[in-house]
Amino acid sequence: MAVPTSDQRKRRPFLLSLSLFLLVSALLALAFLFLDPSAQSFSVLSSRLTAPTTTLAPPAAPGERNPTPIPAPGDTPPPAVVAGGAEAGESADATEKAEETASRPDDTAAAVNADAAAGEGGGSSESPRLDADKGAAATEGVADDDGGGGGDEPAAKVRWETCRPGRGVSAADYIPCLDNMRAIKALRSRRHMEHRERHCPVAPRSRCLVRVPSGYRSPVPWPRSRDMIWYNNVPHPKLVEYKKDQNWVTKSGDYLVFPGGGTQFKTGVTRYIQFIEQIMPTIQWGTHTKTVLDVGCGVASFGGYLLDRNVITMSFAPKDEHEAQIQFALERGIPAFLAVIGTQKLPFPDEAFDVVHCARCRVENHCWSLTEFSGLEDITFGLQPLSTVKKKEIKMTGMKPASNSCYLERRTNEPPMCSKKDGPRFPWYAPLDTCISSSIEKSSWPLPWPERLNARYLNVPDDSSSTDEKFDVDTKYWKHAISEIYYNDFPVNWSSTRNVMDMNAGYGGFAAALVDKPLWVMNVVPVGQPDTLPVIFNRGLIGVYHDWCESFNTYPRTYDLLHMSYLLGSLTNRCDIMEVAAEIDRILRPDRWFVLRDTTEMIKKMRPVLKSLHYETVVVKQQFLVAKKGFWRPGK
């Protein structure tokens with residue numbers, strides 16, 4: 001081996017230094033190429049950190065900004081959920097799809113497959129994410145179009161827990177004000193259905209989250225849902241056996257199927273509806289008669305099929321041994337809520353419904369003689385074709401008199417007429433009257449549908465020119481907002497939206513603007529707000545009174561969209577925002593939407609709370625917070 005010369009040894013440090021210099025230079029060049037701070041190099045990042053430019057509507061005038069009462073000072077089912085609420089997987093494989101198809105009833109399997117492929121109304125079967133597709137900003141790392149970068153608000157630090165209602169109550173079906181077992185056990189009497197009435201927990205109220213049933217998936221889309229629903233969404237088999245001879249509901253594979261029968265119409269509800277019109281031609285479904293109250297509705301097939309006649313029915317029944325009947329109704333996409341005629345008034349105004357229907361509704365006779373239904377026009381009790389009426393069954397039809405003369409001419413003044421000193425009582429936790437209230441004198445029956453939708457002509461608690469003006473402003477605003485903002489800018493899949501609730505309905509303008517969509521709206525007039533519910537019923541819409549510091553009379557996971565407009569400020573003066581959020585979460589279906597229209601301050605208060613529930617959120621046009629619920633549950 002040759003020995004290096006003296007000159008070679010002298011050049012070695014120089015070569016080593018040169019090599020190191022070239023290596024460092026190469027690294028610096030690479031760093032410069034990849035970390036160039038110019039705007040060009042960061043164009044992608046810049047676009048993600050900048051909200052799309054939108055032309056905002058001009059700020060509304062004070063009278064328009066809050067047309068509702070101003071506060072004081074699916075198709076393709078998502079992954080099924082395994083026990084505990086976790087998602088089972090991204091999608092079903094071919095074998096599972098084949099098994100599902102095989103388990104469907106023959107007459108509906110093809111239709112459901114078509115719905116899954118195309119979606120109702122040609123819409124996408126996927127629920128849209130809250131991203132920039134419709135002019136709204138994405139939820140993570142992207143500023144909203146609120147001009148204030150609200151997307152950077154962190155989630156509130158809340159330790160949510162799963163509800164544990166105790167023995168005798170299904171944890172997945174928990175309704176705080178109807179499942180308060182401690183209060184129910186303390187009742188002195190149950191003679192008049194007191195145990196089926198509301199008994200809300202006292203403060204501190206529940207902030208827990210109701211768990212999702214194992215195997216839950218997005219509901220069958222309307223109108224298929226009227227006839228069949230996923231069994232795992234409402235896994236209650238008792239009615240299948242208990243009412244098997246009355247065609248209420250049957251089980252077929254993964255589905256519960258509703259043949260359209262009932263206690264009083266075993267041969268089918270369609271014939272029954274036709275028969276009513278034959279013996280009472282003036283009823284004129286869908287024009288003369290628009291709103292119906294169905295007492296003791298079962299699974300609400302009567303109301304479900306009246307929708308074919310353009311009639312909207314408020315179906316109600318108690319939470320009793322007829323397991324989950326109202327839950328079945330709402331899962332089918334039929335208007336319904338939980339209530340009982342016991343010792344208290346129902347949460348409706350006087351003179352509300354066009355027709356009340358009762359078929360074996362098991363209401364004690366003394367209740368009918370009182371004034372719970374004194375505001376009804378036509379009354380239809382237990383109607384049956386003569387050929388099927390048994391000797392001991394009662395059939396009766398009648399029409400409420402248009403004035404008090406009929407009552408005054410009675411031989412026996414029983415029950416008595418209410419005196420003026422009694423006065424009207426707001427029907428919220430109010431006891432049933434023991435007298436008949438005076439009829440409101442009206443010049444005529446409400447205008448036929450659809451003319452009555454935009455009419456402002458009937459008596460209301462504040463019947464004045466200012467009310468007329470507010471009504472017009474409300475109607476005009478919502479017609480514009482729905483068509484220009486809600487449909488275009490909101491990341492809401494309207495084709496999978498069926499059950500909608502307006503939590504502060506005002507004059508019903510929001511619902512009126514949606515009347516042409518294949519959905520229905522439960523209009524809620526909150527306690528403490530101006531009493532506009534009579535106006536809503538006058539328009540041919542339905543609704544109830546409610547206090548949002550308490551739980552609503554519905555099962556969990558029963559609404560696709562909850563809408564709240566300028567209510568949160570006054571509401572949080574009386575109850576905690578966490579309690580309000582927990583109730584919203586209880587009512588809302590997974591993969592569905594909550595919309596808050598409010599001030600920037602209120603939006604900034606609610607958004608972190610919804611983020612703590614793992615909702616996707618976005619602010620649209622500075623005044624709308626749109627949030628999408630997921631399948632997250634605490635500890636999962």
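Model, not experiment: these values are computed from the prediction. Quick note: numbers below take in every heavy atom, side chains included, and nothing from hydrogens, waters or symmetry partners.
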Handout entry: For Y545, all residues meeting ring-ring contact (aromatic ring centres under 6.0 Å, His included), sequence neighbours excluded
Key = F426
Handout entry: W428 side chain vs P526 backbone, donor-acceptor pair below 3.5 Å
Key = no
Problem - Among I542, T313, V521, side-chain contact (heavy atoms from CB on, under 4.5 Å) partner for P335 - result: I542
Handout entry: NZ/K517: more than 12 non-hydrogen atoms of other groups inside 6.0 Å
Key = yes
Exercise for the section: Scan for salt bridge (charged side-chain N to carboxylate O under 4.0 Å, His left out) pairs involving residues 275-295, sequence neighbours excluded, and state none if there are none. Expected result: E277-R309
Handout entry: side-chain contact (heavy atoms from CB on, under 4.5 Å) between F328 and I334, intermediate numbers included
Key = CA-CA 9 Å; F328 284 155; I334 301 171; over 6 Å; no
Completion exercise
Across all chains, not counting sequence neighbours, the side chain to side chain donor-acceptor pair (under 3.5 Å) partners of W449 are none
Practice task
Using a 4.5 Å cut-off on heavy atoms from C-beta on, say whether the side chain of Y216 contacts that of N233.
Solution key: yes
Practice task
Can you label the angle between the F337 ring and the F316 ring as parallel, tilted or perpendicular, going by 30° and 60°?
Solution key: tilted
Practice task
Answer yes or no: is there a donor N or O on one side and an acceptor on the other, between the side chain of N553 and the main chain of A339, under 3.5 Å?
Solution key: no
Problem - Test item: T291 side-chain N/O and F353 main-chain N/O as donor-acceptor pair under 3.5 Å - result: no
Exercise for the section: For residues W520 and Y559, establish whether the separation of their ring centroids is below 6.0 Å. Expected result: yes
Handout entry: Contacts of Y231 that satisfy side chain to side chain donor-acceptor pair (under 3.5 Å) - sequence neighbours left out
Key = none
Exercise for the section: Let me see the working for D308 and R226 under side-chain contact (heavy atoms from CB on, under 4.5 Å), right down to the final yes or no. Expected result: CA-CA 11 Å; D308 292 341; R226 187 184 70 174; 2.9 Å; yes
Practice task
Mind checking the CG-CD1 spacing from L338 to I175? Nearest 0.5 Å is all I need.
Solution key: 5.0 Å
Practice task
Examine distances only and state if a side-chain atom of D598 and a backbone atom of I603 form a donor-acceptor pair shorter than 3.5 Å.
Solution key: no
Practice task
For the residue pair R557 and P219, establish whether any side-chain heavy-atom pair is separated by less than 4.5 Å.
Solution key: no
Exercise for the section: Write out all pairs satisfying disulfide bond (SG atoms under 2.5 Å apart) with one or both partners inside residues 477-539, taking only residues at least two apart or from two chains. Expected result: none
Problem - Side-chain donor/acceptor of N488 to backbone N/O of S483, under 3.5 Å - result: yes
Handout entry: Pairs meeting criterion disulfide bond (SG atoms under 2.5 Å apart) with involvement of residues 528-565, two or more places apart
Key = C549-C575
Handout entry: Main-chain N/O of D472 paired to T475 side chain as donor or acceptor, under 3.5 Å
Key = no
Practice task
With sequence neighbours left out, write down each residue that passes salt bridge (charged side-chain N to carboxylate O under 4.0 Å, His left out) with R589, or none if nothing qualifies.
Solution key: E331, D560
Handout entry: side-chain hydrogen bond (donor to acceptor under 3.5 Å, both in side chains) between R198 and Y429, intermediate numbers included
Key = CA-CA 9 Å; R198 293 173 60 83; Y429 290 117; 3.1 Å; yes
Handout entry: Under 3.5 Å donor-acceptor, T289 side chain and G286 backbone
Key = no
Practice task
Side-chain contact test, heavy atoms from C-beta onward, threshold under 4.5 Å: evaluate it for V355 versus M280 and give yes or no.
Solution key: no
Practice task
In sequence, state the C-alpha distance, the side-chain angles, and the governing distance for S225 and F258, and then conclude on side-chain contact (heavy atoms from CB on, under 4.5 Å).
Solution key: CA-CA 9 Å; S225 61; F258 300 87; over 6 Å; no
Exercise for the section: Flag the pair M314 / M522 as yes when at least one side-chain heavy-atom distance between them is below 4.5 Å, and no otherwise. Expected result: yes
Fill in the blank from the handout: Sequence neighbours excluded, the answer for ring-ring contact (aromatic ring centres under 6.0 Å, His included) partners of F594 is none
Handout entry: Close side-chain approach of L625 and T617, heavy atoms under 4.5 Å
Key = yes
Fill in the blank from the handout: Residues at least two apart in sequence or cross-chain that pass side chain to side chain donor-acceptor pair (under 3.5 Å) with S315, listed by chain then number, are none
Can you list, pair by pair, the side-chain donor-acceptor contacts under 3.5 Å of residues 581-588, counting residues two or more places apart and other chains?
residue, atom, partner, partner atom, Å
E583, OE1, R586, NE, 2.9
E583, OE2, F552, N, 2.8
E583, OE2, R586, NH2, 2.9
D585, OD1, Y615, OH, 2.7
D585, OD1, R633, NH2, 3.0
D585, OD2, R633, NH1, 3.0
D585, OD2, R633, NH2, 3.0
R586, NH1, Y174, O, 3.2
R586, NH1, T554, O, 2.9
R586, NH2, F552, O, 2.9
R586, NH2, T554, O, 3.2

Completion exercise
With sequence neighbours left out, the residues meeting side chain to side chain contact (heavy atoms under 4.5 Å, CB included) with T287 are Q284
Problem - Qualifying residues under side chain to side chain donor-acceptor pair (under 3.5 Å), relative to H563, sequence neighbours excluded - result: Y486, D502
Exercise for the section: Using atom types as modelled and distance alone, determine if a side-chain donor or acceptor of R498 lies under 3.5 Å from a backbone N or O of P518. Expected result: yes
